[in-house]
Amino acid sequence: MQQLRWTARPAPWQRLWAVQTLAADVPLTALDALWPQMQASWPQHFLPLRSASHWAWRYQQRPGVDYHLLLLRQRFTGRPLAALALRLHPEHCDWLDYLGPRQHLPHAIAAARAFAHQHQRPVQALVSDAVASDFSAAQPQGLHSSPSDISIPTNAIDAAGPTASAVPWQGHLWLMGGDSDFM
């Protein structure tokens, strides 16, 4: 896993997209179209479930933790483009999850940095090595990247012994900090 940290930055005005905060009691049906788009956008990766119902269970219905859910929408049509799950800490803002296609990752990073700027903190994300380069390339300005101490066990027991075909997900897991419950 890689630790990515961006400096906070004011929101740039965008004529093509806008950010909407999703309240805790709002149904997340707008996210339904984003999960298939995300799967199609990263076909070489293994992605844990990121459906609207999963996001509702993971972020809206979890007691004792306040998450901030942002939805990026196309400004003129209102079409959902991407969603982010964030959590504020005293020293930083954790970007825990992303839902959407690869093409909107730069906009999502801009939205996360703007949210962190409002709260006067840097934003950080924990991402798997397989997608760290996608995040880094999407918005390299103000980014500091370093390996984390977290490694994802991807071994498999096979009667013939572990082989590359026995662990096809090795090096292809699409993960963020929200894919665990320790964040």
Side-chain angles (χ1 to χ4, degrees), residues 3-39 41-42 47-127 131 134-136 138-143 174-183:
Q3 182 74 43
L4 306 179
R5 189 176 184 99
W6 286 272
T7 55
R9 188 170 155 189
W13 187 84
Q14 293 290 329
R15 64 182 175 91
L16 299 179
W17 56 272
V19 178
Q20 173 189 357
T21 301
L22 299 174
D25 59 347
V26 171
L28 300 180
T29 54
L31 306 184
D32 283 331
L34 297 176
W35 174 230
Q37 291 174 25
M38 185 173 185
Q39 291 173 302
S41 186
W42 277 284
L47 290 85
L49 181 64
R50 280 182 165 73
S51 64
S53 61
H54 178 75
W55 267 49
W57 170 81
R58 175 70 177 94
Y59 299 112
Q60 286 184 322
Q61 298 168 11
R62 181 169 175 190
V65 180
D66 290 327
Y67 296 107
H68 301 272
L69 303 181
L70 305 181
L71 179 62
L72 279 66
R73 290 186 178 270
Q74 190 172 39
R75 189 173 291 278
F76 299 112
T77 66
R79 182 176 63 90
L81 302 175
L84 297 83
L86 305 166
R87 183 175 178 197
L88 290 173
H89 294 279
E91 299 298 320
H92 67 276
C93 174
D94 263 333
W95 181 5
L96 296 172
D97 216 339
Y98 174 76
L99 176 58
R102 182 188 313 239
Q103 71 193 53
H104 297 302
L105 197 51
H107 309 314
I109 294 169
R113 292 176 77 180
F115 179 87
H117 179 74
Q118 291 174 345
H119 298 279
Q120 301 175 349
R121 298 154 208 207
V123 62
Q124 66 183 35
L126 187 63
V127 300
V131 294
D134 291 328
F135 279 76
S136 297
Q139 199 168 111
Q141 308 86 359
L143 171 67
W174 201 116
L175 301 172
M176 286 188 78
D179 289 313
S180 66
D181 235 356
F182 60 82
M183 296 299 287

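Since the model is a prediction, treat every value here as computed from it, not as a measurement.
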Check whether any side-chain heavy atom of Val26 lies under 4.5 Å from a side-chain heavy atom of Leu69, and answer yes or no. no
Any non-hydrogen side-chain atom of Pro101 less than 4.5 Å from a side-chain atom of Met38? no
Atom CG of Leu22 and atom CG of Leu28: how far apart are they, to the nearest 0.5 Å? 6.0 Å
Considering non-hydrogen atoms only, spot the tightest contact between Cys93 and Ala116 and give its length. CB-CB, 4.1 Å
With a 4.5 Å limit on heavy-atom distance, are the side chains of Thr21 and His68 in contact? no
With side-chain contact (heavy atoms from CB on, under 4.5 Å) as the criterion, how do Leu72 and His104 come out once you've worked through the C-alpha distance, each side chain's angles and the decisive distance to 0.1 Å? CA-CA 9 Å; Leu72 279 66; His104 297 302; 5.6 Å; no
Relative to each other, are the rings of Trp6 and Phe135 parallel, tilted or perpendicular (30° and 60° limits)? tilted
Which value, rounded to the nearest 0.5 Å, describes the distance between Trp55 atom CH2 and Asp97 atom CG? 4.5 Å
CZ (Arg15) and CZ (Arg75) are apart, to the nearest 0.5 Å, by 10.5 Å
State, yes or no, whether a side-chain contact exists between Leu143 and Arg5 at a heavy-atom distance under 4.5 Å. no
Shortest non-hydrogen contact from His89 to Arg121? O-NH1, 2.6 Å
Verdict with supporting geometry, Ile109 and Val123, side-chain contact (heavy atoms from CB on, under 4.5 Å): CA-CA 9 Å; Ile109 294 169; Val123 62; over 6 Å; no
Note: Arg87 and Asp66 closest approach over all heavy atoms is CG-O, 3.8 Å
When every non-hydrogen atom of Gln60 is compared with those of Ala23, the smallest separation belongs to NE2-O, 3.1 Å
Verify the neighbour count for atom CD of Gln61: are there more than 12 heavy atoms of other residues, nucleotides or ligands below 6.0 Å? yes
In terms of heavy-atom contacts, Ala108 and Leu84 come closest through O-CD2, 3.3 Å
Give, for atom NE2 of His107 and atom CD of Gln74, the distance between the pair rounded to the nearest 0.5 Å. 10.0 Å
Look at the aromatic rings of Tyr98 and Trp95 and report parallel, tilted or perpendicular, splitting at 30° and 60°. perpendicular
Side-chain touch Trp174/Met176, heavy atoms, less than 4.5 angstrom: yes
Measure across Pro10 and Ala114 and return the closest heavy-atom pair with its distance rounded to 0.1 Å. C-CB, 4.3 Å
Please work out whether the ring planes of His119 and Phe115 are parallel, tilted or perpendicular, with thresholds of 30° and 60°. tilted
For Glu91, is the CD atom crowded, meaning more than 12 foreign heavy atoms sit under 6.0 Å from it? no
Calculate, to the nearest 0.5 Å, the distance between atoms CZ and OG belonging to Arg58 and Ser51 respectively. 13.5 Å
Is the shortest side-chain heavy-atom distance between Leu31 and Leu71 below 4.5 Å? yes
Do we see a donor-acceptor contact under 3.5 Å between the side chains of Arg113 and Gln139? yes
